[in-house]
Amino acid sequence: LGRYGGDEFIAVLPGTGAEGALEAGERLRKAVASLDLGLSRLGFGGQVAISVGASSFDRGMREPVELVRLADLDLYRAKAALG
């Protein structure tokens, strides 16, 4: 787990397929949504939310960067779904 860019983080889950990656991402999303950071007491409304993108290694992939590119595309689809 590490910071990948400005506000993006990456988790590498060896031995985890696409379904497991999606499940892990959903658990993380729910955990963050359930946090009470006291934002309303500071004058901020709502709660913290995250968007998650996932991809799984395909033996046809030639470069690891392809795995990150696919996860990034999935992340932007998740962000767009939030409106």
Side-chain angles (χ1 to χ4, degrees):
L1 180 63
R3 185 173 178 195
Y4 186 70
D7 63 350
E8 295 181 339
F9 294 81
I10 190 167
V12 178
L13 307 170
T16 304
E19 187 175 325
L22 289 171
E23 289 172 3
E26 183 61 11
R27 283 193 312 269
L28 181 59
R29 188 195 65 74
K30 286 179 178 178
V32 170
S34 72
L35 294 174
D36 179 7
L37 301 175
L39 297 177
S40 60
R41 291 188 301 270
L42 298 173
F44 298 100
Q47 61 188 137
V48 175
I50 64 170
S51 298
V52 177
S55 65
S56 181
F57 180 76
D58 178 326
R59 295 204 182 274
M61 292 179 179
R62 300 217 183 270
E63 299 290 330
V65 70
E66 181 69 6
L67 191 61
V68 175
R69 186 185 74 76
L70 291 173
D72 205 39
L73 287 173
D74 197 45
L75 170 63
Y76 285 103
R77 279 192 292 267
K79 286 181 179 182
L82 291 175

Between Leu28 and Ile50, is there a side-chain heavy-atom distance shorter than 4.5 Å? yes
Using the test side chain to side chain contact (heavy atoms under 4.5 Å, CB included), find all partners of [X] that sit at least two apart in sequence or belong to another chain.
{"X": "Ser56", "value": "Ala18"}
{"X": "Ala24", "value": "Leu13, Arg27"}
{"X": "Ala54", "value": "Ala21, Leu22, Asp74"}

Extract all donor-acceptor atom pairs below 3.5 Å that involve side chains of residues 3-12 and protein atoms in other chains or at least two apart in sequence.
unit_1	atom_1	unit_2	atom_2	d
Arg3	NE	Gly5	O	3.3
Arg3	NE	Gly6	O	3.1
Arg3	NH2	Gly6	O	2.8

Nearest non-hydrogen partners of Arg29 and Val52, listed with the distance: CB-CG2, 4.4 Å
What pair of heavy atoms forms the shortest contact from Leu67 to Ser55, and how long is it? O-OG, 2.6 Å
Which residues share a salt bridge (charged side-chain N to carboxylate O under 4.0 Å, His left out) with Glu66, sequence neighbours left out: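 Only Arg69 meet the salt bridge (charged side-chain N to carboxylate O under 4.0 Å, His left out) criterion with Glu66.
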Listed once per pair and sorted, the side chain to side chain donor-acceptor pair (under 3.5 Å) pairs that draw on residues 9-23, sequence neighbours left out: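 Of all non-adjacent pairs touching residues 9-23, none passes side chain to side chain donor-acceptor pair (under 3.5 Å).
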